Every structure is written in structure tokens, then in C-alpha cells.
Amino acid sequence: MMNPIYINQNEILKRYKQPDKFTHKGIQGHALIIGGSYGKMGAVCLSSKACLKTGCGLVTVFIPKCGYEILQIAIPEVMVVTDNQEKFISDITFDIKPQAIGIGPGLGLEIETQQAVYKLLQTNKIPLVIDADALNILSKNKEWLPLLQPKTILTPHPKELERLIGKWVSEEEKMAKTSTFSKQCNLIIVMKGAPTRIVDGETIYENTTGNAALATAGTGDVLTGMITSLLVQSYEPINAAILGVYLHGLTADIALPETGYQSFIASDVISNIGKAYLSLENKDYNIL
Ligand SMILES: NC(=O)C1=CN([C@@H]2O[C@H](COP(=O)(O)OP(=O)(O)OC[C@H]3O[C@@H](n4cnc5c(N)ncnc54)[C@H](O)[C@@H]3O)[C@@H](O)[C@H]2O)[C@@H](O)CC1
Ligand SMILES: Nc1ncnc2c1ncn2[C@@H]1O[C@H](COP(=O)(O)OP(=O)(O)O)[C@@H](O)[C@H]1O
Ligand SMILES: [Mg+2]
């Protein structure tokens with residue numbers, strides 16, 4: 001394995017951009033989060049809230065009809081567009097102009113949903129984060145991989161990665177296979193785990209924040225929203241992935257003394273994004 005570049009505060013401060021004093025919600029960007037199915041609307045709630053809390057100006061979600069009231073009540077700041085189907089997504093159409101899309105949390109694997117993803121990939125030209133069931137749909141349809149724009153960000157956990165690239169017998173083989181996959185398809189792979197590694201062809205970045213408190217439902221859905229938010233704020237895909245993963249881990253390091261490992265939940269990631277940002281703004285405020 002090539003020596004990784006460690007993502008620490010130094011590396012982050014090279015990439016982090018403070019918001020302009022005169023910015024407004026139009027400039028901060030508009031994100032679209034696509035996902036949800038009956039019983040998994042929470043994944044979209046978490047992802048879209050995290051997206052807003054990471055600093056973009058506007059967030060719209062595209063969800064099946066059954067999620068309409070859930071989303072509107074859970075997060076009044078988020079706008080909602082619904083599919084024609086009640087329980088799953090069947091046709092992704094919208095008339096907004098987002099600067100980036102995050103797709104997958106809670107999406108499900110219905111055949112009609114798979115076709116809707118195919119149609120989106122055929123036409124989409126804007127930066128994209130692909131997670132969860134959208135990754136699983138790609139794994140079932142690997143011939144669709146060439147449709148992805150260069151530097152599309154994939155955020156698999158180990159099982160999702162295995163579905164995508166096949167099994168490995170060692171850590172070395174896992175890294176080598178992922179690097180080859182990333183290079184061949186020109187994709188950025190966020191290999192979630194402990195630690196999370198980001199693979200961009202032969203370059204490997206290793207995150208230094210985060211802890212086992214993150215081993216709880218929905219923290220990956222939150223990460224998808226955070227990275228999508230950074231993309232709409234004009235970060236290059238690799239920097240959006242790096243900064244997103246770093247801030248995400250930092251929330252758990254900040255919260256740990258109060259929550260302990262066991263009681264930390266995905267919503268705690270969201271409520272600590274502010275403190276994670278503040279630790280970048282003030283170099284003397286060092287929580288670690
Ligand atoms: N509140 C909600 O609505 C939630 C919805 N979720 C959604 O549920 C759907 C299914 O996602 P899941 O990831 O649960 O299911 P998957 O079937 O994709 O993955 C679960 C499998 O992966 C393995 N795995 C996960 N992390 C691993 C690791 N670090 N090392 C080794 N093995 C690992 C597990 O042991 C399990 O076998 C997705 O659409 C997801 O977005 C989940 O994110 C949980 C919360
Ligand atoms: N032991 C751990 N140490 C550090 N980070 C972890 C640990 N376990 C899980 N995580 C992080 O939590 C997140 C889990 O994502 P994922 O498995 O997609 O969850 P979900 O699908 O429930 O949202 C990833 O960012 C992963 O890196
Ligand atoms: Mg996940």
C-alpha cells in the first residue's frame with residue numbers, strides 16, 4: 001500500500017474556506033438529497049439536516065410520497081419534492097437547479113427505483129455523492145459504472161465495498177483493488193471504517209478523527225449529507241470528501257466526553273457540526 005496522507009488539522013486548514021461576509025443563501029448553494037422508502041425516511045431526515053448544518057444555503061429532498069409529512073415536520077428548513085409512488089422512488093424528476101446531488105440513504109432496491117437511478121445517471125452532469133442503496137443498485141448493475149461523471153464520490157462501508165469490487169483476503173489486497181477500481185473508473189472512493197480512507201486513484205488519504213461512538217445507525221447517512229453540502233459550496237470533490245470525513249469524525253471526538261460511546265447517536269453528529277467548524281476557525285481552540 002502506498003503511504004497514506006494523514007488528514008489532520010494541518011491538511012484541513014490548507015483546504016478549508018471561510019464563508020464570505022457578504023454571502024447569501026443563493027451563493028451558499030442548493031443541494032438535492034434523493035432517497036427514502038417506507039420505513040427508512042429517517043435516513044433522508046438525517047442526511048438532509050446534516051447537509052443544511054454543514055453550510056449550504058438550500059436543501060431539497062426527493063422522496064416517495066409517504067415521506068412528505070415526515071420530512072416537513074422533522075425539518076421545516078428543508079424543501080420536499082415527491083415521487084408519484086407512495087412507498088418507493090420510481091421516477092426522479094425535479095425542476096430545481098441543484099449544484100450537487102447526494103443519492104442513496106434509505107432508497108431501497110425496488111426494480112422501479114433501480115430504473116429511476118439508471119435514468120438519473122444517464123443525464124446527470126453535476127457532482128454526485130453515491131451512498132447506501134444507490135451503491136447497492138450500482139453493484140447489481142456494474143455495466144452502469146461508465147455513466148458516472150469523473151470524480152463522482154462513492155461512500156461504501158466494507159460490505160457495500162465488497163458488493164462493488166468483490167472479496168479480498170488482506171488489507172493490502174483491499175486497498176489495491178479499491179485503488180485500481182478508483183483509477184479505472186475515475187471515481188473517489190470513501191472507504192468508511194476505522195479509520196476511514198479516501199482513495200483517489202493511487203493517492204490514499206487516511207482520516208485521523210472519529211471513534212467507535214460512530215458505530216450507530218444513520219451516521220453514514222449523515223456523512224452523505226455533509227459531503228453533498230461541501231460540494232454545493234464549491235469544494236472540489238476530493239476536498240469535499242476530505243473535509244466532510246474529517247468534520248464528521250471530529251463531531252464524535254467532541255461529543256464523546258458528554259455522551260460516552262454508547263449513547264452517541266447520528267443526531268449527535270449533526271448537533272456537533274457547529275463545534276467542529278469552530279475548532280477550525282480558531283486555531284487555539286483545540287478539543288483534541
Ligand atoms: N433511520 C434510517 O432510516 C436508517 C436507514 N438506513 C438505510 O438502510 C439501508 C440499508 O443499509 P445498511 O448499511 O444497514 O445495510 P447493508 O445490508 O448494506 O449493510 C449491512 C451489512 O454490512 C455489514 N457492515 C456494515 N458496516 C460494516 C463494517 N464497518 N465492517 C464490516 N461489516 C460491516 C453489516 O454487518 C451487515 O452485514 C440503506 O438504505 C441505509 O441508508 C441505515 O442507514 C440505518 C438508519
Ligand atoms: N469503530 C468506528 N470508528 C470510527 N468510525 C466508525 C466506526 N464505526 C463506524 N464508523 C463510521 O460511521 C459511519 C457508518 O456509516 P454506515 O455504515 O453507512 O452507517 P449507516 O448506513 O447506518 O448510516 C462511517 O462514517 C464509519 O466510518
Ligand atoms: Mg450507510
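Counting starts at 1 for both ligands and their atoms, in listed order. Note that this is a predicted model, so its numbers are computed, not measured.
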Within one Ile-Leu-Val-Met-Phe-Trp-Tyr cluster: I96 and I63, side-chain cutoff 4.5 Å: no
Top protein contact for atom 37 (O) of ligand 1, by heavy-atom distance: K159 CD, 4.4 Å
Closest candidate by heavy atom, reference atom 17 (O) of ligand 1, pool R163, E162, M41: R163
For atom 11 (O) of ligand 1, closest protein heavy-atom neighbour: E160 OE2, 4.8 Å
N/O donor-acceptor pair under 3.5 Å between T208 side chain and I7 backbone: yes
Residues in contact with ligand 2, criterion: heavy atom under 4.0 Å: H157, K192, G193, A194, T196, N211, A212, L214, A215, A217, G218, T219, G220, D221, H248
Donor-acceptor contact present, side-chain T209 to main-chain Y246, <3.5 Å: yes
Atom 34 (C) of ligand 1 protein-contacted (non-hydrogen atom, under 4.0 angstrom): no
Best match, G220, G218, P156: closest heavy atom to atom 44 (C) of ligand 1: G218
Within-shell test, P105 vs ligand 1, heavy atom, strictly < 4.0 Å: yes
Minimum-distance protein heavy atom relative to atom 7 (C) of ligand 1: K40 CD, 3.7 Å
Sub-4.0 Å protein heavy atom near atom 19 (O) of ligand 1: yes
Residue pair A241 / I188: nearest heavy atoms and the distance that separates them: CB-CG2, 4.3 Å
Pairwise side-chain contact, I89 with S37, heavy-atom cut-off 4.5 Å (strictly under): no
Side-chain donor/acceptor of K49 to backbone N/O of I270, under 3.5 Å: no
Nearest candidate to atom 41 (O) of ligand 1, where distance is taken over non-hydrogen atoms, out of G108, A43, G106, S47: G106
Residue, atom name and distance, where the atom is the protein heavy atom closest to atom 15 (O) of ligand 1: H157 NE2, 4.4 Å
G36, A215, P158: member with heavy atom nearest to atom 29 (N) of ligand 1: P158
Pair Y68, Q72: side-chain N/O donor-acceptor within cut-off below 3.5 Å: yes
Under 4.0 Å to a heavy atom of N136 - the qualifying atoms of ligand 1, by number: 18 (O)
K25 and E77 ion-paired at < 4.0 Å: no
Shared hydrophobic cluster, I27 / L231 (ILVMFWY, side-chain heavy atoms < 4.5 Å): no
D221 bridged to K40 by N-O distance under 4.0 Å: no
Full working for side chain to side chain contact (heavy atoms under 4.5 Å, CB included) between W144 and I137: CA-CA 10 Å; W144 299 353; I137 287 174; 3.7 Å; yes
Protein contact of atom 42 (C) of ligand 1 - nearest heavy atom, named by residue and atom, plus distance: D221 OD2, 3.7 Å
Shortest protein heavy-atom distance from atom 39 (O) of ligand 1, along with the residue and atom involved: D133 OD2, 2.7 Å
Carboxylate-amine/guanidinium contact E162 K167, below 4.0 Å: yes
Co-membership, hydrophobic cluster, residues I103 and V78, 4.5 Å side-chain: no
